[in-house]
Amino acid sequence: MFDYLIAGAGFAGAVVAERMASLGKKVLVIDRRKHIGGNAYDHPNEDGLLVHRYGPHIFHTNSEQVFDYLSKFTSWRAYEHRVLASVDGKLVPVPINQDTVNTLYGLKLKTEAEVEAFFASQAEPRTSIRTSEDVVVSKVGRDLYEKLFRNYTRKQWGKDPSELDALVTARIPVRTNRDDRYFTDRYQVMPKHGFTHMFENMLDHRNITLELGCDYRDVAPKVKFKEIIYSGPVDEFFGFRFGELPYRSLRFEHKTLKKEFLQPVAVINYPNDHAYTRVTEFKHLTGQAHRQTGVVYEYPAAEGDPYYPVPTPENAALYKRYAELAAATPNVHFVGRLATYRYYNMDQVVAQALTLCKHLTAAPEFAVKAAAAAVGLSLPVRPALGV
Ligand code: FAD
Ligand code: UDP
């Protein structure tokens, strides 16, 4: 008899498994993939290069709690992520900063005030910022929007930015200074020996049983447990009762190149050219010394494994129906990016899972609220991470 059956060995499942096991609960963790780590899984490829199977994963957070928690399972390598975009034959920093503007327009703006004035001269005023188009056009105008955002977003999501919630492009700030880091979070680090190694440490507990390569639907009827923690797609859990929730997928094309480095930074975005959105070179992320180099090309796709919830008003309405059903389903707790249909980064999933654990371990009268919190209905599960 297990206290918890946990579907998914990604961040959501692993955090809950580790926390509950450490409190003496017996936990069965299953994953339909043959490995742990969920989408953060990394591994040495056939040439000995450490690569991220499901695309580049860079850890960043403002949450001391999340950072301290994960630090129990890994040491870290300091790493500040930098991204360039290939536009009009030039490589320019993303997020847009002073150098992006100077390079693209042949300008020599030197102060933040000058860059601010440039943006103001380009910006199209909007009365309300609802969509991903509004976010960018209202800040930097249509030309920069078209050079950097419009086509990338159409490729990545199969939708125009005007159809997507503001939160998608709002992930990328606009800067008037020369800061060319992708993130400005307080903690920007990579697990020193990789994400998978960190997950191995999290799940290495005598109260945790791990079964890989098996689906929740096949396992659940065969084992005894008290409660379920589910981190797979929420619509699938309910047999697509209200219809399918759209998730965007990607096809990853991995390659080893017989050269030491391909590109000057970890990621180069291709907003307007090619069928892929970006090229990642892992050695920049991992710090690995190797004569060859491992890269991945990301091709967005409608079909395939679910990677991204698609933030549109219609999808939010459909998710709300599933969230209500989830909240009313006893002894099942939904947690993670797919189960709560949120475009969450790793640290946000860790924070969400830690919050769920707090509720699970609180007095029984909180049990109902825990279910609601996990699907974001009434309790604030998204901590103020500032990300
Ligand atoms: P997942 O990692 O998806 O884990 C869910 C697990 O559940 C999966 O392993 C799946 O196989 C399993 N599962 C599902 N259904 C079942 C079932 N029925 N039975 C058994 N098992 C099941 N975040 C960052 O912070 N920084 C980044 O740089 C970053 N880059 C990203 C790049 C890409 C291309 C993608 C797709 C995501 C990126 N993320 C990044 C987000 C990050 O991957 C997620 O926030 C995090 O991995 C979510 O963890 P999770 O446990 O909720 O879900
Ligand atoms: N985006 C863009 N151009 C860029 C970078 C990002 O249009 O050069 C938009 C695009 O819609 C993308 C979103 O901003 O999906 C979020 O970018 P991020 O790099 O955070 O995406 P992720 O790493 O989650 O795939």
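All ligand and atom numbering here is 1-based and tracks the order in the structure.
In the vicinity of Gln156, heavy-atom distances shorter than 4.0 Å reach the ligand 2 atoms 15 (O). Short contacts between ligand 2 and Val168, defined as distances under 4.0 Å to a heavy atom of the residue, involve ligand atoms 11 (O), 13 (C), 14 (O), 16 (C).
Checking only distances, Phe149 does come within under 3.5 Å of ligand 2, N or O to N or O.
In terms of protein heavy-atom proximity, atom 20 (O) of ligand 2 is nearest to Arg171 NE, 2.8 Å. Nearest protein neighbour of atom 15 (O) of ligand 2, counting heavy atoms only, is Trp157 NE1, 2.9 Å. The protein heavy atom nearest to atom 8 (O) of ligand 2 is Asn269 ND2, 2.9 Å. The closest protein non-hydrogen atom to atom 25 (O) of ligand 2 is Tyr308 OH, 2.5 Å. Looking at atom 17 (O) of ligand 2, its nearest protein heavy atom turns out to be Ile172 CD1, 3.6 Å. The protein heavy-atom contact nearest to atom 1 (N) of ligand 2 is Tyr152 CD2, 3.7 Å. Scanning all protein heavy atoms for the shortest distance to atom 22 (P) of ligand 2 gives Tyr343 OH, 3.4 Å. Remark: minimum distance from atom 19 (O) of ligand 2 to any protein heavy atom is reached at Tyr182 OH, 2.5 Å.
With ring centers used as reference points, Phe195 lies 6.0 Å or more from Phe59. Remark: aromatic rings of His284 and Tyr182 are distant, center separation not under 6.0 Å. When ring centroids are compared, Phe11 and Tyr344 stay outside the 6.0 Å threshold. In this structure, the ring of Tyr341 has its center no less than 6.0 angstrom from the ring center of Tyr322. Aromatic pair Trp76/Phe67: ring centres closer than 6.0 Å.
Residues satisfying the ring pair (Phe, Tyr, Trp, His ring centres under 6.0 Å) criterion with Phe240, sequence neighbours excluded, are absent altogether.
Identified under the ring pair (Phe, Tyr, Trp, His ring centres under 6.0 Å) test for residues 109-138, with sequence neighbours left out: Tyr105-Phe118. Under the salt bridge (Lys or Arg N to Asp or Glu O under 4.0 Å) criterion, no residue pair touches residues 195-214, with sequence neighbours excluded.
Heavy-atom separations between Arg278 and ligand 2 include at least one value shorter than 4.0 Å.
If you take CD on Glu260 and CD on Glu281, they are separated by 10.0 Å, rounding to the nearest 0.5 Å.
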Stepwise salt bridge (charged side-chain N to carboxylate O under 4.0 Å, His left out) test for Lys90 and Asp88: CA-CA 6 Å; Lys90 295 169 184 143; Asp88 298 343; 6.0 Å; no

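Among Asn345, Leu148, Val94, Thr153, the residue whose heavy atom lies nearest to atom 11 (O) of ligand 2 is Thr153.
The hydrophobic cluster containing Tyr152 does not contain Tyr299, counting ILVMFWY residues as joined when their side-chain heavy atoms lie under 4.5 angstrom apart, directly or transitively.
Sorted by chain and number, the residues within 4.0 Å of ligand 1 by heavy atom are Gly8, Gly10, Phe11, Ala12, Asp31, Arg32, Arg33, Gly38, Asn39, Tyr54, Pro56, His57, Ile58, Cys214, Asp215, Tyr216, Ser231, Gly232, Pro233, Glu236, Leu250, Arg278, Glu298, Tyr307, Tyr308, Gly336, Arg337, Leu338, Tyr344, Asn345, Met346, Val349.
Each of Lys110, Arg82, Arg175, Arg178 was evaluated against Asp99; a single residue qualifies, Arg178, per the salt bridge (Lys or Arg N to Asp or Glu O under 4.0 Å) test.
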